[in-house]
Amino acid sequence: MYDAIVVGARCAGSPTAMLLARRGYRVLLVDRATFPSDTFRAHVIRMRGVRSLHRWGLLERVVATNCPPLRRTLMDFGDFPLAGYPPGEGDIPGEYAPRRRVLDALLVEAAVEASAELWDAFTVDDLLTEDGRVCGITGRMANGTRASARARVVVGADGQYSLVARKVGAEHYHARPSLTCAYYSYWSGTGIEGLEIHALPQRRVMLAFQTNDGLSAVAVGWPAEEFHMVRADLEGQFYRALSLVPELEAQVRGGRREEPYRGTADLPNFFRQAYGQGWALVGDASIHRDPAAASGISDAFHDAELLADALDDGFSGRRPLDGALAGYAHQRDTIGLPFFEEACRTAALTPPPPQLLQLRAAIRGNQQAIDLHLGVGRGTVSEEEFRRRMAALAPVPAPARG
């Protein structure tokens, strides 16, 4: 009998298991994959997710994998690029984008070190219930042997197509269809530095960033309705999009693609009911959003902490368990909805608000102001601090024309 069984051992499941095990609870972590292994998901960790790794004592492990910090940031909305070095935070120099086979294995290892029990290569095929309440799982080991386990709570961290969510009939809301399709791959020898985001008026979005092994990842997003056109001539459409940013195109063409393209148009946006009798959801099983805003890993880390805190309250008796999970659901929705809306706005590939373009034009040519502005986007400079420090700067010259 476990306190919690966590189904899914990637960016939401392993942290949930680790945080509960560190508090002394008996946790079983299961996944149909073995680790290290890759997965089709983005891997930029925004600053609030990096803060989580730092709190958990895992950031140094990410750094030790030779994953460079993304110190430099470039933002381009088709007007002109603004590039700089936004402030870090304490001893955190920037954001990170480790390969998922690196990050996920590291998170699994941390959960096991915390005394979570791991069943990898285990396929869950059903939930156990008793008097209408979920009380465990049943499934198959890699050799086909059937096994089951029981727990006070089963956590579904098993992604967009969560079996746990399907079995309990978790309701969807705030649902929106896929807004983009996207493809990405990895290149060596590009000279790409830090993180670049190009959200262009031609309804193309591009991300380029450094990752492990001296490689750079480059991703392109198109409107979802163009998926069949893109898939029919993938490399041609990829480079046609890159041609809208000649400098980035030259860097990619000057490098060497090291892996096949990977992509999809299956990127729906939704919230699912967060908990019920004996179960809870976290990560992409709980909230799924378009990856264009690159917030998924950071959101998963944050919600794993919320859920672990709620389960600790319930297991310890500080609150009734169902009441604690209701609190988790409320916090998840209240905090997560603005990030969800931001991801949907980004994925809609619509022009940015005029006031943002006006601000960019006003600070063009003033590197200190640019760094502070990029720090607001990174989350290391508050809006209030930006306004205060801008007021103290010398007047910004009008941008050059032509």
**Q** Using only heavy-atom distances, determine whether the side chains of Arg378 and Thr380 contain a donor-acceptor pair under 3.5 Å.
**A**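 No, Thr380 and Arg378 have no side-chain donor paired with an acceptor closer than 3.5 Å.
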
**Q** Between Ser185 and Arg262, does a side-chain hydrogen bond (donor to acceptor under 3.5 Å, both in side chains) hold up when you go through it step by step?
**A** CA-CA 6 Å; Ser185 191; Arg262 304 182 72 181; over 6 Å; no

**Q** OG/Ser295 to CD1/Ile45 distance, rounded to the nearest 0.5 angstrom?
**A**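 So the OG of Ser295 and the CD1 of Ile45 are separated by 12.5 Å.
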
**Q** Taking the six-membered ring of Tyr186, is NZ or CZ of Arg99 closer than 6.0 Å to its centre and within 45° of its axis?
**A**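 Yes, a cation-pi geometry.
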
**Q** Could you tell me if Ser37 and Arg10 have a donor-acceptor pair between their side chains, going purely by distance under 3.5 Å?
**A**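 Yes - a donor-acceptor pair under 3.5 Å links their side chains.
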
**Q** Could you verify whether a donor N or O on one side chain and an acceptor N or O on the other, from Ser52 and Arg55, lie under 3.5 Å apart?
**A**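 Their side chains do contain a donor-acceptor pair, which is all the 3.5 Å distance test asks for.
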
**Q** Which pairs, with at least one residue in residues 219-255 and sequence neighbours excluded, count as a ring pair (Phe, Tyr, Trp, His ring centres under 6.0 Å)?
**A**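 Counting only pairs at least two positions apart or across chains, the ring pair (Phe, Tyr, Trp, His ring centres under 6.0 Å) contacts touching residues 219-255 are Trp187-Phe238, Phe238-Tyr261.
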
**Q** Which pair of non-hydrogen atoms, one from Ala369 and one from Met390, has the smallest distance, and what is that distance?
**A**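 Answer, listing the atom of Ala369 first, then Met390: CB-SD, 3.5 Å.
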
**Q** Less than 6.0 angstrom from the centroid, inside 45 degrees of the normal: does Arg152 satisfy that with respect to the ring of Tyr25?
**A**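 Not flagged: Arg152 not positioned over aromatic ring of Tyr25.
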
**Q** Look up atom CG in Leu311 and atom CG in Leu321, then write down how far apart they are to the nearest 0.5 Å.
**A**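 One gets 6.5 Å once the value is rounded to the nearest 0.5 Å.
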
**Q** Step by step, would you call Gln273 with Tyr173 a side-chain hydrogen bond (donor to acceptor under 3.5 Å, both in side chains)?
**A** CA-CA 8 Å; Gln273 178 185 348; Tyr173 53 102; over 6 Å; no

**Q** Closest heavy-atom contact between Thr73 and Leu374?
**A**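 Between these two residues, the closest heavy atoms are O-CD1, 3.5 Å.
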
**Q** Would you check if there is a donor-acceptor pair between the side chains of His174 and Asn269 at a distance under 3.5 Å?
**A**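 Their side chains do not contain a donor-acceptor pair, so the 3.5 Å distance test is not met.
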
**Q** Can you see whether Thr145 engages Arg140 through a side-chain donor-acceptor pair at a distance of less than 3.5 angstrom?
**A**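 No, no side-chain donor-acceptor pair sits under 3.5 Å.
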
**Q** Does NE2 belonging to His172 count more than 12 external heavy atoms closer than 6.0 Å?
**A**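 Above 12, so yes.
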
**Q** Ignoring hydrogens and geometry beyond distance, is a side-chain donor-acceptor pair present between Arg332 and Ser286 at under 3.5 Å?
**A**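 Note: Arg332 and Ser286 side chains meet the donor-acceptor criterion.
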
**Q** Taking Ser115 for the side chain and Ala21 for the main chain, is one N or O donor matched with an acceptor at less than 3.5 Å?
**A**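 Judged by distance alone, no pair lies under 3.5 Å.
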
**Q** Evaluate side-chain contact (heavy atoms from CB on, under 4.5 Å) for Leu242 paired with Val218, printing each intermediate quantity in order.
**A** CA-CA 10 Å; Leu242 289 181; Val218 181; 4.1 Å; yes

**Q** Do Gln237 and Tyr183 meet the criterion of a side-chain donor-acceptor pair at a distance under 3.5 Å?
**A**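 Judged by distance alone, the side chains do not pair up.
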
**Q** Is there a side-chain contact (heavy atoms from CB on, under 4.5 Å) between Thr39 and Asp104? Walk through the geometry before answering.
**A** CA-CA 9 Å; Thr39 184; Asp104 294 355; 3.9 Å; yes

**Q** Closer than 3.5 angstrom, by distance alone: can the side chain of Thr129 be matched with the main-chain N or O of Gly132 as a donor-acceptor pair?
**A**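 No: the side chain of Thr129 does not pair with the backbone of Gly132.
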
**Q** Does any donor atom in the side chain of Trp279 or Gln277 lie under 3.5 Å from an acceptor atom in the other side chain?
**A**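 Their side chains do not contain a donor-acceptor pair, so the 3.5 Å distance test is not met.
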
**Q** Using 4.0 Å as the upper bound for N to carboxylate O, is an ion pair formed by Glu384 and Arg388?
**A**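 Salt bridge absent between Arg388 and Glu384.
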
**Q** Using every non-hydrogen atom in the two residues, find where Ala111 and Ser14 come nearest and quote the distance to one decimal.
**A**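 That would be CB-O, 3.7 Å.
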
**Q** Any side-chain donor-acceptor pair under 3.5 Å between Thr65 and Asn212?
**A**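 There is such a pair between these side chains.
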
**Q** side-chain contact (heavy atoms from CB on, under 4.5 Å) for Asp233 and Arg240? Distances and angles first, verdict last.
**A** CA-CA 10 Å; Asp233 180 22; Arg240 285 187 192 96; 2.9 Å; yes

**Q** Kindly compute the distance separating CG (Leu58) from CD (Glu113), expressed to the nearest 0.5 Å.
**A**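 Here the interatomic distance stands at 8.5 Å.
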
**Q** Can you confirm whether or not the ring centre of Phe340 sits under 6.0 Å from the ring centre of Phe271?
**A**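 They qualify: ring centres under 6.0 Å apart.
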
**Q** Could you measure the distance from the CD1 atom of Ile137 to the OG atom of Ser148? Nearest 0.5 Å is fine.
**A**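 Output value for this atom pair is 8.5 Å.
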
**Q** Measure across Arg272 and Asp284 and return the closest heavy-atom pair with its distance rounded to 0.1 Å.
**A**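 Minimum heavy-atom contact is NH1-O, 4.1 Å.
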
**Q** Could you tell me whether a side-chain N or O of Thr190 sits under 3.5 Å from a main-chain N or O of Ile192, the two making a donor and an acceptor?
**A**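 Yes: the side chain of Thr190 pairs with the backbone of Ile192.
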
**Q** Please confirm whether Phe339 and His302 have ring centers closer than 6.0 angstrom.
**A**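 When the ring centroids of Phe339 and His302 are compared, they turn out to be at least 6.0 Å apart.
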
**Q** Let me see the working for Gln210 and Ser216 under side-chain hydrogen bond (donor to acceptor under 3.5 Å, both in side chains), right down to the final yes or no.
**A** CA-CA 4 Å; Gln210 295 172 277; Ser216 296; 5.9 Å; no

**Q** Side chains of Asp158 and Ser162: do they bring a donor and an acceptor to under 3.5 Å?
**A**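 There is such a pair (donor and acceptor under 3.5 Å, judged by atom type) between the side chains of Asp158 and Ser162.
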
**Q** Measure from the side-chain N and O atoms of Arg289 to the backbone N and O of Ile287, and report whether any donor-acceptor pair falls under 3.5 Å.
**A**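 Yes; judged by distance alone, with no hydrogens or angles, the pair exists.
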
**Q** Give every donor-acceptor pair under 3.5 Å between a side-chain atom in residues 29-36 and any protein atom, sequence neighbours left out.
**A**
from  : atom 1 : to    : atom 2 : distance (Å)
Asp31 : OD1    : Ala33 : N      : 2.8
Asp31 : OD2    : Ala9  : N      : 2.7

**Q** Does Gln355 CD have over 12 foreign heavy atoms under 6.0 Å away?
**A**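 Yes, enclosed.
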
**Q** Is the number of heavy atoms from other residues, nucleotides or ligands under 6.0 Å of Arg133 CZ greater than 12?
**A**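 Correct, the count exceeds 12.
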
**Q** Before accepting this row, confirm whether a basic side-chain N of the pair Arg51/Glu89 lies closer than 4.0 Å to the acidic partner's carboxylate O.
**A**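 Answer for the salt bridge query: yes.
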
**Q** Does a salt bridge link Asp3 with Arg26, judged by any charged N lying under 4.0 Å from a carboxylate O?
**A**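 So Asp3 does not pair with Arg26 through a salt bridge.
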
**Q** Have Tyr328 and Asp333 got a donor and an acceptor in their side chains that come within less than 3.5 Å?
**A**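 Absent: no donor and acceptor within the cut-off.
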
**Q** Using a strict cut-off of less than 4.0 Å between a Lys/Arg side-chain nitrogen and an Asp/Glu carboxylate oxygen, indicate whether Arg23 and Asp309 qualify as a salt bridge.
**A**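 Yes, this pair counts.
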
**Q** Which residue pairs pass the ring pair (Phe, Tyr, Trp, His ring centres under 6.0 Å) test with at least one member in residues 79-104, sequence neighbours excluded?
**A**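 Matches after skipping sequence neighbours: none remain.
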
**Q** Do you know the tightest heavy-atom contact between Asp313 and Ala324?
**A**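 Closest approach of Asp313 to Ala324: CB-CB, 4.2 Å.
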
**Q** With rounding to the nearest 0.5 Å, note down the distance linking OG1 in Thr138 to CG in Leu128.
**A**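 CG of Leu128 is found 6.0 Å from OG1 of Thr138.
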
**Q** Check this for me: does any side-chain nitrogen of one of Arg176 and Glu341 sit under 4.0 Å from a carboxylate oxygen of the other?
**A**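 Yes, Arg176 and Glu341 are salt-bridged.
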
**Q** Say whether, by atom type as modelled, one donor and one acceptor occur between the side chain of Asp213 and the main chain of Leu215 under 3.5 angstrom.
**A**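 Not a single qualifying donor-acceptor pair exists.
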
**Q** More than 12 non-hydrogen atoms from neighbouring residues, nucleotides or ligands closer than 6.0 Å to CD on Glu225, yes or no?
**A**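 Yes - once you tally the heavy atoms of other residues, nucleotides and ligands closer than 6.0 Å, there are more than 12.
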
**Q** Does Glu171 CD have over 12 foreign heavy atoms under 6.0 Å away?
**A**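 For Glu171, atom CD is not crowded (no more than 12 foreign heavy atoms under 6.0 Å).
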
**Q** After noting the C-alpha distance and the side-chain angles of Thr180 and Asp290, does the key distance pass the side-chain hydrogen bond (donor to acceptor under 3.5 Å, both in side chains) rule?
**A** CA-CA 7 Å; Thr180 69; Asp290 193 284; 2.6 Å; yes

**Q** Which pair of heavy atoms, one from Ala97 and one from Leu70, lies closest together, and at what distance?
**A**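 Taking every non-hydrogen atom into account, CB-CD1, 4.1 Å.
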
**Q** On the 0 to 90° scale, with breaks at 30° and 60°, tag the Phe40-Tyr184 ring pair as parallel, tilted or perpendicular.
**A**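 The arrangement is parallel - the two ring planes meet at less than 30°.
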
**Q** Please walk me through it: do Ile363 and Gln368 pass side-chain contact (heavy atoms from CB on, under 4.5 Å)?
**A** CA-CA 9 Å; Ile363 64 175; Gln368 187 176 359; over 6 Å; no

**Q** Between Glu95 and Arg71, is the closest basic N to carboxylate O distance under 4.0 Å?
**A**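 Answer for the salt bridge query: no.
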
